[in-house]
*Asks:* 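Starting off with a structure, shown below.
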Amino acid sequence: MLPSFQKQRQNVVRMPEKLTVYTTLIGLLNAKNYNCGGEFVEMLVRNLKEALKTGEYENARIMVRFLSDLVNCHVIVAGSVLAMYDNFVEVTLEDNIPQVGKELYEKKEAEFNKFKRQKIHVPALRVWSADFPHPQEEYLECLWAQLQNLRSNKWIEKQIVRPYLAFDGVLSEALQHTLPQIIPPSHHEDQTYPLPHVVFRMFDYTDVPEGPVLPGSHAIERYLIEEQLSRIIHTNHRERKDCAAALLSFPTKNKIPLNYMIVEVLFGQLFQLPRPPYLEIFYGSTLIELCKLQPGSMPQVVSFLFTSWFAYHLSNFQFRWSWDDWSACVEMDPELPKPKFIRETLERCLRLSYHQRVVDTVPETFENLIPERPQSNFKYEMEGASSMPGTMVAHQLIASIKSKCTPEEAMVLLKDLPNPLSDEENTEEGQIWLLRTMFEVWRTHHQMMVVLVDKLLKTQIVEPSAVANWLFSSEMQPEFTKFYVWEMMHSTIKKMSKHVDKLQTDLDDSKDKLDAARRKKAEGLDLVGDEDMDDDVPTEEMVERMEERLETAQSQQKRLFLIIFQRFIMILTDHLARCEGNGIDYNTPWYKWHHELVYKYISTLESLLFTSDIDFHILEIFQQFCALRS
Amino acid sequence: MYVGNLSFFTTEEQIYELFGKCGDIKRIIMGLDKIKKTPCGFCFVEYYTREESENAMRYVNGTRLDDRIIRCDWDVGFKEGRQYGRGKTGGQVRDEYRSDFDEGRGGYGKIVQNRIRSREPA
């Protein structure tokens with residue numbers, strides 16, 4: 001019996017939408033054979049404990065839900081499930097960890113859904129809930145409101161399929177089991193908890209013109225459907241076509257405005273901070289599949305949210321869009337969100353197609369929002385170049401590269417050129433000079449700059465801090481609100497973090513190998529000979545060098561963050577002071593945009609950096625920023 | 001990774017933009033006409049990790065670029081020489097035998113084109 005139980009448990013976790021079918025089955029088995037039901041419960045409890053210990057909270061949540069539903073199927077004594085909930089709540093109060101709290105709260109939800117007549121624990125929850133003053137939109141707050149509603153509806157909902165009701169006669173005669181005590185593990189340093197998040201809402205019932213009514217935002221059905229859609233996405237995220245098909249064949253699709261709910265859940269994930277659960281392009285390609293499967297009926301309001309996604313979407317539909325709806329933008333201040341959005345979207349469209357295509361697609365009135373034609377501005381090939389010093393060498397160099405010369409041959413040509421920074425070799429000043437020159441040549445070709453900065457960083461010709469300083473420099477100020485600048489900033493931060501992570505892993509690996517080799521030697525097992533050892537085991541010297549490299553990279557990383565924060569604080573403070581001086585409302589679109597942006601980075605940073613050894617300066621600036629916002 | 005059914009006019013930048021959404025691109029090698037040295041409708045994209053190319057297979061394969069449904073395939077790895085079309089006329093073999101008119105890939109297939117040309121009065 002046990003192997004098939006194991007399979008059952010896996011199914012429970014993988015197909016939570018079928019949960020009630022499985023609980024009914026267990027209920028019937030239990031009614032026939034008491035021991036058999038007992039074994040299953042025992043196994044489930046064991047698995048639950050394991051999941052809690054290893055931090056698989058999502059799985060744990062589903063198992064708790066399963067156990068709760070077994071009460072409905074007369075397999076488990078109601079009181080013992082309550083005791084389990086009490087244990088969970090106790091841990092939350094003791095350790096005061098909101099993240100665990102969230103998880104537990106969700107578990108409570110299981111009980112609320114399935115456990116219609118038991119209301120004793122509601123006060124307990126309320127006490128707990130008061131400890132966490134989150135804004136209304138916070139996930140748990142919302143769930144709490146949904147549960148309150150469910151309670152006032154006498155715990156009746158319309159979403160969950162309950163096959164066991166049909167077997168009530170058989171089930172009600174079954175003997176019930178008592179759960180053993182389950183105490184969740186207390187807080188642990190290296191445990192990562194799911195982050196709290198905000199419920200994303202795009203629609204209410206007035207947005208759905210016809211067909212079934214959209215459940216209100218505080219109706220439990222809304223939560224249950226969203227939760228199931230999220231699970232479908234999770235199960236199918238590797239196959240966009242399967243995912244779209246699975247979403248559209250949702251079990252109760254005729255009773256709900258499914259398309260709207262799918263779009264809301266997908267976008268909710270896409271805009272999750274600090275980053276979406278899956279790749280951005282997964283959401284894009286899945287939406288395209290959905291549009292193909294349901295032509296004309298996917299809600300069209302999804303547009304104005306994300307430029308890079310939107311451009312990608314347009315590119316897959318021949319850039320057809322109701323551009324006229326947006327024509328008012330043309331007259332507006334280009335820094336306002338709407339014209340900004342159009343401009344940046346066109347910029348992205350440009351990257352996926354070409355300039356003439358964009359010009360031909362959008363109405364003529366949009367002319368001043370269309371980005372410039374991307375091209376290089378190479379001074380040695382312009383009129384009058386022949387009189388400039390260096391023109392000859394430049395052309396020689398181009399000719400050599402075209403004939404595939406070696407790097408050494410190219411160096412010979414460059415050797416005699418005067419260095420504008422004479423004595424200093426490859427200092428940050430030199431690197432910024434290089435970036436400035438790149439900007440001069442590729443000013444209108446934003447994508448090229450993004451790629452070149454990427455390459456310069458990868459080849460370590462330019463350091464991340466130089467990129468940050470350059471982006472904040474006065475020459476770049478006019479470009480400052482353009483998205484490509486932030487694309488560069490973001491990719492620089494990402495690259496730096498990746499680099500540090502890689503060095504850390506390499507170092508850890510090498511240390512482990514060295515330790516293992518030492519142990520072997522001490523035990524006298526080193527009989528294979530030195531040759532074999534040299535291949536794999538690093539020397540102490542090598543490890544030391546790796547440590548040094550990691551330290552350098554870590555200090556580079558800190559410097560990068562420090563620069564970014566300092567410059568941001570300076571910019572925002574300047575702006576506030578200037579507005580105060582001129583008596584203007586400081587809350588301009590410019591200000592909001594930057595404020596939001598730093599905020600976004602902060603959440604990214606928190607997850608990246610503020611976990612381990614925090615540099616005092618960074619912390620100070622971070623707090624300054626937080627104070628600024630309050 | 002091999003990418004096919006591109007338009008002859010699709011640029012390396014466009015490919016970078018689209019495939020960059022799936023991961024960090026190591027390099028792109030444009031497929032060229034052996035004789036004319038112009039793009040002939042395919043390319044190779046190299047990522048740093050396998051996971052990144054899996055993403056491209058999952059999310060880019062079968063979607064549009066320059067209004068064409070593009071095709072991605074696993075590839076053993078680029079070697080010098082593979083960037084050229086293997087057709088007799090310099091481009092890809094499939095563009096020699098095609099009998100439809102495909103504006104993005106130089107009109108009719110090469111053989112059909114020759115037949116049309118030979119029929120025209122001198």
*Asks:* For chain A, find which of Ile15(B), Ile69(B), Thr10(B), Asn61(B) contributes the most heavy-atom pairs closer than 4.5 angstrom.
*Replies:* Asn61(B)
*Asks:* What pair of heavy atoms forms the shortest contact from Thr63(B) to Arg240(A), and how long is it?
*Replies:* CG2-NH2, 3.8 Å
*Asks:* Would you call Arg357(A)-Asp67(B) a salt bridge at under 4.0 Å N-O?
*Replies:* yes
*Asks:* Working to the nearest 0.5 angstrom, can you tell me the gap between Glu239(A) CD and Met57(B) CE?
*Replies:* 9.5 Å
*Asks:* Please determine whether side-chain contact (heavy atoms from CB on, under 4.5 Å) holds for the pair Phe282(A) and Asn55(B), giving the CA-CA distance in whole Å, both sets of side-chain angles, and the decisive distance to 0.1 Å.
*Replies:* CA-CA 8 Å; Phe282(A) 157 73; Asn55(B) 287 336; over 6 Å; no
*Asks:* The test is side-chain contact (heavy atoms from CB on, under 4.5 Å); show your working for Glu13(B) and Arg351(A) and say whether it passes.
*Replies:* CA-CA 7 Å; Glu13(B) 282 100 317; Arg351(A) 291 197 196 175; over 6 Å; no
*Asks:* Would you say Lys36(B) has more than 12 foreign heavy atoms packed within less than 6.0 Å of its NZ?
*Replies:* no
*Asks:* Please look at Lys498(A) and chain B and tell me whether the side chain, the backbone, both or neither of the residue comes under 4.5 angstrom of a heavy atom of that chain.
*Replies:* side chain
*Asks:* Show, in sequence, the C-alpha distance, side-chain angles and deciding distance for Tyr59(B) and Leu279(A), and conclude whether the side-chain contact (heavy atoms from CB on, under 4.5 Å) test is met.
*Replies:* CA-CA 9 Å; Tyr59(B) 307 130; Leu279(A) 275 192; 4.3 Å; yes
*Asks:* Is the shortest heavy-atom distance from the side chain of Tyr16(B) to the side chain of Val450(A) under 4.5 Å?
*Replies:* no
*Asks:* Show the nearest heavy-atom pair for residues Ile281(A) and Val60(B), with the distance to one decimal.
*Replies:* CD1-CG2, 3.7 Å
*Asks:* Could you tell me whether a side-chain N or O of Gln14(B) sits under 3.5 Å from a main-chain N or O of Leu352(A), the two making a donor and an acceptor?
*Replies:* yes
*Asks:* Heavy-atom distances under 4.5 Å only: say whether Phe9(B) touches chain A with side chain, backbone, both or neither.
*Replies:* neither
*Asks:* Inspect the surroundings of CZ in Arg68(B) and state if more than 12 heavy atoms from other residues, nucleotides or ligands are less than 6.0 Å away.
*Replies:* yes
*Asks:* Out of Lys455(A), Lys494(A), Lys458(A), which residue meets the salt bridge (charged side-chain N to carboxylate O under 4.0 Å, His left out) rule with Asp24(B)?
*Replies:* Lys458(A)
*Asks:* In terms of heavy-atom proximity below 4.5 Å to chain A, should Tyr48(B) be classed as side chain, backbone, both, or neither?
*Replies:* side chain
*Asks:* When you look at CD of Glu103(B), are more than 12 heavy atoms from neighbouring residues, nucleotides or ligands closer to it than 6.0 Å?
*Replies:* no
*Asks:* Which bit of Ile25(B) comes within less than 4.5 Å of chain A, counting heavy atoms only: side chain, backbone, both or neither?
*Replies:* backbone
*Asks:* What's the spacing between Glu17(B) CD and Arg348(A) CZ if we round to 0.5 Å?
*Replies:* 4.5 Å
